Amino acid sequence: MSEESKVENPKAKLEKSAISPRRAEDFPEWYQQVVRLGELAENSDVRGCMVIKPWGYGLWERMQATLDAMFKATGHQNAYFPLFIPISYLEKEAAHVAGFAKECAVVTHHRLEAGPDGKLRPAPSAELAEPLVVRPTSETIIGATYAKWVQSYRDLPILINQWANVVRWELRPRLFLRTAEFLWQEGHTAHETKEEAVDETEKILGIYETFARDFLALPVFTGEKSESERFPGAVQTLCIEAMVQDRKAIQAGTSHFLGQNFSKASGIKFQSREGREEFAWTTSWGVSTRLIGTVVMMHADDDGLILPPRVAPTQVVILPITPKEDTRAAVLEAAEKLASRLRARTFHGQPLLVHVDKRDLNGGVKSWDWIKRGCPVRIELGPRDLASGTVALCRRDHGAKAKEFVPADQAVATVPELLQSIQETMYARALAFREQHTRVIDTKEEFYAFFTAQNTDKPEAHGGFSLTHWNGSAEVETRIKEDLKVTIRCIPFGAGEAGACPFSGQPSAQRVIWAKSY
RNA sequence: CGGGGUGUAGCUUAGCUUGGUAGAGCGCCUGGUUUGGGACCAGGAGGUCGCAGGUUCGAAUCCUGUCACCCCGACCA
């Protein structure tokens, strides 16, 4: 090989990674490969709709269980509302229709029949008098229901959540980040007073922030959306916003104060303590399977997923090494015994989730499989360990080949601490990354330079979050969006230091967070 | 909806310009040797070349139509 070709191919010197391309080479393609090879999900035959595989669904179930407990601890109950919404319901709130009309799936018939060409078609005689929309969100159908439930201030508050699927006919689908159908939870509450509803909106945002930080190891900014980014029909949209590894922002959860917009549209009114007829104050809030995409883009590396221990479907996988037939039974038995001992231990008050992988596969293949799936801790147990009373411990947040031999008793004793350490390391890494790529910027020139790639043909990773003053006008937002594809991700709470907007020269109440976003 | 592109085995694809009845890699199955870091050897299964029509003795290949998907734009709580 010539010197020249060595220089041309610097990758040859790097150790092989499980995911190709690497993050630095092609981030979007890397993301797709991580999701696929990590067994989270795959594209289905239905355009824009994904199949969530057991490992991915297991992750979602763990997230659900945690959030569900948090909602219930704050007085909410689950219920379930229809998948279909009469078109006339959507029309009741003008801004809401405008926001969702372009991405609705519509049901127009209720029967199929064979057409002239022998193929099934909707029966012309079975056309619905009023078309039904597959819910893109449920404010209107739930509002119509609440209108029936509420007559007196004594009927309030209503604090309900539903776990459901929704459909938004996206033109550019991407696994977990933007799919035509996705799973989520949507909370819908109705209150007697504005203050109560605002408190609720903020309380839920607090839950989302806590969940993101403590369970998903995601540092998030919290704040309010500008008017142009607001939920259609909301008075105020609060959000948690994360920065993932390509330095773009992703909205990870939203909580909306809807004022009386939807209660007026749906007729949620009640007789007050003073005997007056009043409209309820409502909120809605949600997080979706997009959180899974966020976790992937935040934490995964060039060897695949790294799942936060607190939501991993399996926290510890035991890999029996069985090179010889005569020791095989003994190794498997020891592995099961070790699993039982570990399952008797707890992590944050819950039994450890331990799996013994007995599949008849080559040891290396099996190891890499769990690396790509992001299982936090791998324990190898082989014949040599039986003799020495040890096991080999590997933690996913360290290098793929890093391995530590420790006494089995010690492993059983320390795995919970190890999981906690991984959880904390993941958060610290994510936070350091965000801080490294968040800048306070006060001039237009620096702002434009920050968000412009040096190489326009193949843009390098650039930009991040910019904390920059803003005069509050939509015109400035529009111009910057057109120039740079950069938008205001949120107006952070409490940061009230006044200054000057570098784009207009006008006064600004505070800095806001700007970034490119998903 | 505008511009461009692609449809061949489960996946990635060669072959198409110049028509002669389909080849590879990965994956899968079987047997053997292996197994403490993505194994190797041998054998095997799997494709009416998106669909419909046309030209032709003969079409994956040429022509027409159609459907689907992908990319860029527009759109996107």
Side-chain angles (χ1 to χ4, degrees), chain A residues 15-20 28-29 32-33 36-37 42-48 93 95-104 117 119 135-139 166-174 177-180 182 184 186 225-234 236-241 250-256 258 284-288 290 303-304 319-325 327-328 331 359-372 378-388 390-394 399-405 481-482 485 487 489-490 517-518:
Chain A
E15 215 163 302
K16 186 184 172 192
S17 64
I19 305 298
S20 178
E29 182 59 23
Q32 305 275 22
Q33 294 299 328
R36 198 169 62 81
L37 297 173
E42 62 191 32
N43 282 312
S44 72
D45 293 343
V46 184
R47 194 185 165 279
E93 217 291 331
H96 196 62
V97 194
F100 286 107
K102 280 178 250 170
E103 47 183 2
C104 284
D117 57 358
K119 288 183 178 167
R135 63 182 164 216
T137 179
S138 303
E139 275 75 8
V166 288
V167 167
R168 297 179 188 180
W169 210 263
E170 300 289 353
L171 299 177
R172 282 279 185 95
R174 276 185 81 187
L177 301 176
R178 181 165 280 126
T179 47
F182 58 92
W184 76 347
E186 50 180 327
K225 286 290 185 192
S226 66
E227 188 180 351
S228 58
E229 297 278 328
R230 199 175 282 159
F231 175 75
Q236 199 179 33
T237 288
L238 310 184
C239 63
I240 56 172
E241 205 78 26
I250 184 161
Q251 179 175 297
T254 47
S255 181
H256 315 290
L258 302 175
S284 69
W285 27 276
V287 295
S288 71
R290 180 182 243 204
D303 286 326
L319 306 171
I321 310 288
T322 55
K324 294 191 178 62
E325 205 51 48
T327 50
R328 185 182 172 82
V331 169
R359 289 177 299 170
D360 182 20
L361 288 175
N362 205 306
V365 173
K366 217 190 264 191
S367 261
W368 282 105
D369 188 49
W370 288 98
I371 290 169
K372 286 181 282 191
R378 304 190 305 283
I379 298 181
E380 292 175 7
L381 181 62
R384 297 210 294 267
D385 298 309
L386 292 190
S388 58
T390 60
V391 297
L393 266 184
C394 314
K401 304 211 167 156
K403 183 190 296 194
E404 190 189 356
F405 286 88
K481 187 175 181 179
E482 283 173 4
K485 293 185 177 168
T487 52
R489 299 325 303 156
C490 77
S517 79
Y518 275 93

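Fair warning: this is a prediction, and the values are worked out from it, not measured in the lab. Naming: A, B, ... by sequence-line order, numbering from 1 per chain.
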For A:Trp169, look at atom CH2 and say whether over 12 heavy atoms of other residues, nucleotides or ligands are found less than 6.0 Å away.
no
What integer number of Å spans the C1' atoms of B:U61 and B:C49?
10 Å
May I ask which nucleotide in the shown strands pairs with B:G2, Watson-Crick or G-U wobble, both distances under 3.5 Å?
B:C72
Verify whether one side chain among A:Arg489 and A:Thr487 offers a donor that lies under 3.5 Å from an acceptor in the other.
yes
In whole Å, measure the gap between the C1' atoms of B:G47 and B:G10 for me.
12 Å
Go through B:G38, B:G36, B:C75 for me and flag the one nearest to the A:Arg384 side chain.
B:G36
Among B:C76, B:G38, B:G37, which nucleotide has an atom closest to any side-chain atom of A:Lys102?
B:C76
Under 4.0 Å, counting only non-hydrogen atoms across every strand here, what does A:Gly382 touch: a base, just sugar-phosphate, or nothing?
base
Counting side-chain heavy atoms from CB outward, which of B:U35, B:C76, B:G37 is closest to A:Ile321?
B:U35
On a plain distance test, is the side chain of A:Asp385 in donor-acceptor contact with the base of B:G36 below 3.5 Å?
yes
Of A:Glu325 and A:Gln251, the one whose closest nucleotide on RNA chain B sits nearer the 5' end is A:Glu325
Which part of the nucleic acid does A:Pro383 contact within heavy-atom distance under 4.0 Å: base, sugar-phosphate only, or nothing?
base
Rounded to whole Å, please give me the gap between CD in A:Gln32 and P in B:C71.
9 Å
Inspect the surroundings of CD in A:Glu29 and state if more than 12 heavy atoms from other residues, nucleotides or ligands are less than 6.0 Å away.
yes
Does A:His96 use its side chain to pair, donor to acceptor, with the backbone of A:Pro232 at less than 3.5 Å?
yes
Can you measure A:Lys403 atom NZ to B:G38 atom P for me and round it to whole angstrom units?
10 Å
According to a strict under-4.0 Å criterion, is A:Asn362 in side-chain N/O contact with OP1 or OP2 of B:U35?
no
Length of the NZ-C1' vector between A:Lys401 and B:G37, whole Å:
6 Å
Applying a 4.0 Å non-hydrogen cut-off, can you work out what A:Arg178 is touching in the nucleic acid: base, sugar-phosphate, or nothing?
base
What contact category does A:Ala234 fall into here, base, sugar-phosphate, or nothing, at under 4.0 angstrom with non-hydrogen atoms?
nothing
Integer angstrom distance from the P of B:C67 to that of B:A24
36 Å
What's the gap between B:C40 and B:U34 when it is taken at their C1' atoms, as a whole Å value?
8 Å
I'd like the P distance from B:G20 over to B:C63, given in whole Å.
15 Å
At 4.0 Å (heavy atoms only), tell me whether A:Lys324 reaches a base, stays on the sugar-phosphate, or touches nothing.
nothing
For B:G23 versus B:G46, give the span between their C1' atoms, rounded off to a whole number of Å.
14 Å
Just call it for A:Phe182: base, sugar-phosphate, or nothing, with non-hydrogen atoms closer than 4.0 Å on any strand.
base
C1' atoms of B:A60 and B:U48, separation to the nearest Å
11 Å
Any side-chain N or O of A:Lys485 less than 4.0 Å from the OP1 or OP2 oxygen of B:G73?
yes
Of A:Arg36 and A:Thr254, the one whose closest RNA chain B nucleotide lies more 5':
A:Arg36
When you check the side-chain N and O atoms of A:Arg328 and A:Thr322, is any donor under 3.5 Å from an acceptor?
yes
Can you see whether A:Ser17 engages A:Asp303 through a side-chain donor-acceptor pair at a distance of less than 3.5 angstrom?
no
Expressed as a whole number of Å, how far does the C1' atom of B:G5 sit from that of B:U21?
29 Å
Base, sugar-phosphate or nothing for A:Glu229? Non-hydrogen atoms, less than 4.0 Å.
sugar-phosphate
When we call it a touch if two heavy atoms are under 4.0 Å apart, what does A:Arg378 touch: a base, just sugar-phosphate, or nothing?
base
Classify A:Pro232 by what it touches in the nucleic acid, base, sugar-phosphate, or nothing, heavy-atom distance under 4.0 Å.
sugar-phosphate
State the pairing partner of B:U35; accept Watson-Crick or G-U wobble contacts with both distances under 3.5 Å, and report none otherwise.
none
When you measure from the side chain of A:Lys225 to the backbone of A:Cys239, do you find a donor-acceptor pair of N or O atoms at a distance under 3.5 Å?
no
Under-3.5 Å donor-acceptor pair between A:Lys366 side chain and B:G38 base
no
